[in-house]
Asker: 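Pasting a structure here, questions to come.
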There are 2 protein chains.
Amino acid sequence: MTGAAAERAEGDTGPRLDDLIEAERDIVARFDDVGLEVDFGALSVVSNIYRAASAIRRHMEQSVLGPEQLSWTAFVTLWVLWIWGEMEARHLAAEAGVTKGTLTGVLDTLERRGLVARRRHDDDRRLLSAGLTASGEELIRRLYPRFNAQEARIAALLSQDGRDAFASGLRELVRGLPLEDPS
Amino acid sequence: MTGAAAERAEGDTGPRLDDLIEAERDIVARFDDVGLEVDFGALSVVSNIYRAASAIRRHMEQSVLGPEQLSWTAFVTLWVLWIWGEMEARHLAAEAGVTKGTLTGVLDTLERRGLVARRRHDDDRRLLSAGLTASGEELIRRLYPRFNAQEARIAALLSQDGRDAFASGLRELVRGLPLEDPS
DNA sequence: TATTGTTATACTCTATAACTATA
DNA sequence: TATAGTTATAGAGTATAACAATA
């Protein structure tokens, strides 16, 4: 036995092979051949998070957002404004997870559709806030229950007892990211 | 399934408020105001997966991929070819998680840099395979250990006992997605 | 000088669909 | 007819950097 399997001393649980996705079993085997030491558990966590996130975004765009002609980012922007109320642009960009340049374009689109309104600040005229219009609020109130219903279907893929531990793990990751630059 | 609070029978632990990220506490409070029933656990899982995935991709692009002038997708493509060997284009696209149109462009770029080579099949001339060149293999062999070291730093954010349960949960999601279309 | 939002450039990726060459 | 890969179009997003207005 070579590679990852060989490192596993007795008592070390390691990743249970029968829990792995088929592709992961092949990868473990391939790394044995390649002869490089690899933290397979870490590989698995990172690549599967990315796969899950991509699949979720695609599902939401097709099932809920597409019919309303909303991009994922436009939806998140509306949602943030709904939950938090009117916000200054740079905070809104951070919360929606986009750059300020992207936010300008998203706000242009949403404003053109009458869903949000920009407002210049009188005290500091560099600042801009954005908030939902009545029409924007109507839209997100109507749309979010459908979005959340899909979220519920996705979360239902998790076994009942693992779900809380899973949510906790996610929070540990989100709290710890981004990592400091030094490798 | 209805609001998270409503589902919680006695003895059911539910999400512990002190485990939530600060922003999540505010969201729970806001939904109480808004007066809509929301599956908060599902909301939390989906939004945090997406946050984590975005942060991870950005971190990798800056710390490991940027200096090598590789996009995330280009890196994944090289990695897949390294692990699985020469592959037909449509399988490579599926494995890398991109459309065939995107793969054409990625292969153009990687081929121009001499990292992969296309090969037409003689038996069925519609088919195309791609494989690493010696230079491409040298690159990924040198690069992946650094990538995996960052994956390990990220996985280290997870508490030791939660890590296996977390990885299992991820696999449940990846296995179950994409969801069937019917809402 | 520093900051906010806007604009511009160049690139990556997406979905959709037409196109070619094969089969 | 159907399939594989390419090409084309339009849109969304990124990073980076320059810019105008304001502080």
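The sequence lines fix the lettering, A, B, ..., with proteins before strands; numbering per chain opens at 1.
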Asker: Assuming nearest nucleotide by heavy-atom distance, tell me which of A/Arg120 and A/Arg58 is located more 5' along DNA chain C.
Answerer: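 Final value for this comparison: A/Arg120.
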Asker: Measure the distance from CG on B/Asp122 to P on D/dA4 and round it to the nearest whole Å.
Answerer: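 Distance check: B/Asp122 CG to D/dA4 P gives 18 Å.
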Asker: Report the residue (A/Asp124 or A/Lys100) whose heavy-atom-nearest nucleotide on DNA chain D is the more 5′ of the two.
Answerer: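 Residue closer to the 5' terminus by nearest nucleotide: A/Lys100.
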Asker: Centre-to-centre under 6.0 Å for B/Phe75 and B/Phe147, is that the case here?
Answerer: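 Centroid separation for B/Phe75 and B/Phe147: below 6.0 Å.
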Asker: With respect to the phosphate group of D/dT22, does any side-chain polar atom (N or O) of A/Arg125 fall under 4.0 Å of OP1 or OP2?
Answerer: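 Looking at the OP1 and OP2 atoms of D/dT22, one of them is under 4.0 Å from a side-chain N or O of A/Arg125.
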Asker: Drop me the distance from B/Glu137's CD to B/Leu81's CG, to the nearest 0.5 angstrom.
Answerer: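 Spacing of CD (B/Glu137) from CG (B/Leu81) equals 10.5 Å.
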Asker: Atom NE2 of A/His121 and atom P of D/dA23: how far apart are they, to the nearest Å?
Answerer: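 One finds 12 Å between P of D/dA23 and NE2 of A/His121, rounded.
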Asker: Of the non-hydrogen atoms in A/Glu172 and B/Leu157, which two are nearest, and what is the gap between them?
Answerer: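 For A/Glu172 versus B/Leu157, the nearest heavy atoms are CB-O, 3.7 Å.
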Asker: Quickly work out the A/Arg126 CZ to D/dT22 P distance and round it to whole Å.
Answerer: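 Roughly 11 Å, once rounded to whole Å.
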Asker: Considering non-hydrogen atoms only, spot the tightest contact between A/Val45 and B/Ala167 and give its length.
Answerer: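 Shortest heavy-atom contact: CG2-CB, 4.3 Å.
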Asker: Going from CZ on B/Arg142 to CD on B/Glu68, what distance comes out if it is rounded to the nearest 0.5 angstrom?
Answerer: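 If I round to the nearest 0.5 Å, the distance is 4.5 Å.
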Asker: Under a 4.0 Å N-O cut-off, is there an ion pair linking B/Arg171 with A/Glu22?
Answerer: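 No, no charged N to carboxylate O under 4.0 Å.
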Asker: Is the gap between the ring centers of B/Tyr50 and A/Trp72 under 6.0 Å?
Answerer: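 Ring centres of A/Trp72 and B/Tyr50 closer than 6.0 Å.
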Asker: Starting from P on D/dT14, measure out to CZ on B/Arg57 and report it in whole angstrom.
Answerer: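 Between P of D/dT14 and CZ of B/Arg57: 10 Å.
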Asker: Once you measure the plane-to-plane angle for A/Tyr144 and B/Phe31, does it fall in the parallel (<30°), tilted (30-60°) or perpendicular (>60°) bin?
Answerer: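 Ring orientation of A/Tyr144 relative to B/Phe31: parallel.
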Asker: So, are B/Arg118 and B/Asp108 salt-bridged, with charged N and O less than 4.0 Å apart?
Answerer: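 Yes, charged N to carboxylate O under 4.0 Å.
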Asker: Quick one: B/Glu61 CD to D/dA15 C1', roughly how many Å, whole number?
Answerer: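 Answer to the nearest Å: 10 Å.
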Asker: I'd like to know if the side chain of B/Arg30 reaches the main chain of A/Ile83, judged simply by a donor and an acceptor atom lying under 3.5 Å from each other, with no hydrogens or angles considered.
Answerer: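 Indeed, once roles are kept as given, a pair shorter than 3.5 Å links the two residues.
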Asker: Indicate the atoms forming the closest heavy-atom contact of B/Leu92 with B/Ala130, along with that distance.
Answerer: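 Smallest heavy-atom distance, with atoms named: CD2-CB, 4.1 Å.
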Asker: Strictly below 4.0 Å, heavy-atom distances to any atom of DNA chain D: list the hits from residues 79-98 of chain A, or just say none.
Answerer: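 The stretch gives A/Gly97, A/Val98 as the residues lying under 4.0 Å from the strand, ordered by number.
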Asker: Could you give the start and end, 5' to 3', of the contact zone on DNA chain C for chain B, using atoms under 4.0 Å from its heavy atoms?
Answerer: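 The contacted stretch runs from C/dT12 to C/dA23.
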Asker: Please give, in whole Å, the distance from D/dG11 C1' to A/Trp72 CH2?
Answerer: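 Going from A/Trp72 (CH2) to D/dG11 (C1'), I get 18 Å.
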Asker: At a heavy-atom distance below 4.0 Å, what parts of residues 101-113 of chain A sit against DNA chain D?
Answerer: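 Listed by number, they are A/Thr102, A/Val106.
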Asker: Check the distance between D/dG13's P and A/Leu65's CG and give it to me in whole angstrom.
Answerer: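 The answer, rounded to whole Å, is 10 Å.
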Asker: For the atom pair CG (B/Leu179) and CD1 (A/Ile56), what is the distance rounded to the nearest 0.5 Å?
Answerer: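 These two atoms lie 9.5 Å from each other.
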Asker: Can you tell me how far C1' of D/dG11 sits from CG of A/Leu70, to the nearest Å?
Answerer: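 In whole Å, D/dG11 C1' and A/Leu70 CG are 14 Å from each other.
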Asker: Hey, is the side chain of A/Thr73 poking within less than 4.0 Å of OP1 or OP2 on D/dG13, counting only N and O atoms?
Answerer: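 Yes, because at least one side-chain N or O of A/Thr73 sits under 4.0 Å from OP1 or OP2 of D/dG13.
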